[in-house]
Every structure is written in structure tokens, then in C-alpha cells.
Amino acid sequence: MKKHHTITTESGRYYLTDQIREVVNFRLTPQSRGINPPPVQQPVPPGSRIIKLPNLETWSIPPCDLQTAIASRESHRRFTAESLSLDELAFLLWSTQGVREVVHEAAVLRTVPSAGCRHPFETYLAVLRVESLEKGIYRYLPLDHSLVYVKAVENLSAHLTAATHGQSFAGQAAVTFIWTAIPDRTEWRYAEASYKVIALDAGHVCQNLYLACEAIGAGTCAIAAYNQTLADELLGVDGDEEFAVYIAPVGKID
Ligand SMILES: Cc1cc2nc3c(=O)[nH]c(=O)nc-3n(C[C@H](O)[C@H](O)[C@H](O)COP(=O)(O)O)c2cc1C
């Protein structure tokens, strides 16, 4: 069990401001000390099963008017029993964390913005109904636009519901996105000034998921109320160097 930290109103509000920047010594950050940046994507264990995803040139996703998508975006907590196609899943992954351009090892541009181009997230998927994918936990590899199969989980739906404090729609989705943060990536450049921007970065990712869902007759709902220990255990992350920060179940809607 991890130690509990107390956040007061004062410390919480301080965190939302940018006053921290005035006290951080940026000459001492790992970047300023010439240390290599952490990898932009977590390594893949040898022998893993990799699933190459369809891309912008090959998938069949209907065009979607941006104004209509913005106007109709809303949170959905009821899904049909329909599956997502692999094209649709690939489109959602690209929309949320897809790579646009690899400038160099410390600058990989994506479809969402990120403070200092640090992109501190990994995307895990709890797959329940996606055509051609067996149920289980997967992780997106943005640099390869592929999935790595992480593991099978018995009673995955029940685990998702438990990990979200009984929000059963997380276990009724076709696929539930669970984003983890790797704070080291942002700390490499911003040290203690990282935490607010990591939280800001997560918002862009989830909003793109909401909008991309509009293009494929699907819906999602951001979840920030979850059980940290259960969510981290479900993914098999250590809860310290990497931990769940945001969850979004996705399914087809009527
Ligand atoms: C950061 C964040 C956390 C949220 N957490 C939850 C949640 O845990 N459970 C839930 O049902 N909805 C959650 N929501 C969805 C909000 O309740 C929803 O966005 C709000 O009621 C407005 O509805 P709309 O998204 O349809 O416009 C969250 C939304 C955000 C942005």
C-alpha cells in the first residue's frame, strides 16, 4: 500500500498556478545535465505478440465534419453490444496518441499537443469487443502504430468495474482506454514543474477521443474517479514510475 499524502486547499491551488517555475532550478534538470531523455515509448518484452494496425492510408473511416463533432460531443455511459472494427480502434489510437513526425529522439510530434513535447503517457486498452482481437489488455506503440498484447485477464469486465469504483459502464464498453503517466519523461525537462502540465496534457488526449468517437458512431466518458491500486494492478504497472491517470470506456451508441 502506498503512503498517503495530504493536499491542502493551499497546496492544491498552488499546484494549479505556475509559481513553481520561479523556484525550480532548471539548470539542474536531467536535460540540462546532459542526461539522455527517457524512451518515448515503454520497451516491448522480447517475444511479445505485436498487432500491426491499419493507418491513415489504409483504414476506412468516414469523413466527419469538425463543427458537427464538436457540437454533438457528450459523455456516453451506455453502449450497444456491437464490436469496434480494427480500423475504428486504430483511428481512435491515432487520434489520441498517433505520431505525426519524429523530429529526433526527444521530439516526437503527435496528433495532440504536450508541454515541451514530452508526451508522458502510455495507452493501455482493456479490449472486450474489438473484431479480430481476443479479450485482454493491450498497449499502443505509437512509434510503430501497433499494439502489443500484454495479458489475458479473467473476468475483465468485473475488474474494470471494480477499478472504477463500481462504474459498470467501464466493464460494458467495447474497449476501455486507460492512460498511464510516466512522470520521468516530463521531469527530464521540467522537474517539479511537471505535474500540472502532465494533467493538462491528459485533457487534450481525452478530448480527441471524444471527438474521434463522433466520427464512428461511438461514444466515451472521461473517468477520473478510479481505484489507483486496482487500476495499476490490472495493467501490471508499478504505481510509482508509471501509474494510471485517466480512463475512458468506448463503445458504439444508438
Ligand atoms: C476530468 C474529468 C473526470 C471525469 N470523471 C468522471 C467519472 O469518474 N465518472 C463519470 O461518470 N463521468 C466523469 N466525467 C464526465 C463528466 O461528468 C461530464 O463531462 C460532465 O458531466 C459534462 O457532461 P458532457 O461531457 O456530456 O458534456 C469526467 C469528466 C472529466 C473532464
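For ligands, and for the atoms within them, numbers begin at 1 and follow the listed sequence.
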- Would you say atom 15 (C) of ligand 1 has a protein heavy atom nearer than 4.0 Å?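 There is a protein heavy atom less than 4.0 Å from atom 15 (C) of ligand 1.
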- Query: Are any non-hydrogen protein atoms located under 4.0 Å from atom 22 (C) of ligand 1?
  - Reply: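 For atom 22 (C) of ligand 1 the answer is no, since every protein heavy atom stays at 4.0 Å or beyond.
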May I ask you to decide if [Y]'s main-chain N or O and [X]'s side chain share a donor-acceptor pair within less than 3.5 Å?
X: Trp59; Y: Leu89; answer: no
X: Asp254; Y: Thr80; answer: no
X: Gln228; Y: Ala244; answer: yes
X: Asp87; Y: Phe91; answer: no

- Task: Would you mind listing which atoms of ligand 1 come within a distance below 4.0 Å of any non-hydrogen atom of Glu74?
- Result: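 Under 4.0 Å from Glu74, ligand 1 has these atoms: 26 (O).
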- For ligand 1, which atoms sit closer than 4.0 Å to a heavy atom of Arg73?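 Listed by number with element, the hits are 24 (P), 25 (O), 27 (O).
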- Query: Does ligand 1 have a heavy atom under 4.0 Å from the side chain of Cys221, from its backbone, from both, or from neither?
  - Reply: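 It is the side chain that gets close, since no backbone atom is under 4.0 Å.
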Taking both backbone and side-chain atoms of [X], is any N or O found less than 3.5 Å from an N or O belonging to ligand 1?
X: Ala224; value: yes
X: Ala225; value: yes
X: Gln167; value: yes
X: Tyr246; value: no

- Between atom SG of Cys213 and atom CZ of Arg73, what is the distance when rounded to the nearest 0.5 Å?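 With rounding to 0.5 Å, SG (Cys213) is 11.0 Å from CZ (Arg73).
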- From Leu125, Leu53, Val148, residue fulfilling side chain to side chain contact (heavy atoms under 4.5 Å, CB included) relative to Tyr140: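 That would be Leu53; it is the only one of Leu125, Leu53, Val148 passing the side chain to side chain contact (heavy atoms under 4.5 Å, CB included) with Tyr140.
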Tell me, which protein residue and heavy-atom name are nearest [atom], and how many Å apart are they?
atom: atom 11 (O) of ligand 1; value: Arg77 NE, 2.8 Å
atom: atom 26 (O) of ligand 1; value: Ser75 N, 2.7 Å
atom: atom 28 (C) of ligand 1; value: Ala222 O, 3.3 Å

- Task: Please verify whether a non-hydrogen atom of His76 lies at under 4.0 Å from ligand 1.
- Result: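 No, that is not the case, since the closest heavy atom of the residue is not under 4.0 Å from the ligand.
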- Tyr226 near ligand 1 by a heavy-atom separation under 4.0 Å: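 No; Tyr226 lies far enough from ligand 1 that no heavy-atom distance drops under 4.0 Å.
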- Ser83 side chain to Glu131 side chain, donor-acceptor N/O pair below 3.5 angstrom: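 No, no side-chain donor-acceptor contact under 3.5 Å.
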- Message: Can you see whether Ser95 engages Asn208 through a side-chain donor-acceptor pair at a distance of less than 3.5 angstrom?
- Response: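 Side-chain D/A pair, Ser95 to Asn208: absent.
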- Is it true that Phe121 and Trp179 have ring centroids separated by less than 6.0 Å?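 No - the distance between ring centres of Phe121 and Trp179 does not fall below the 6.0 Å cut-off.
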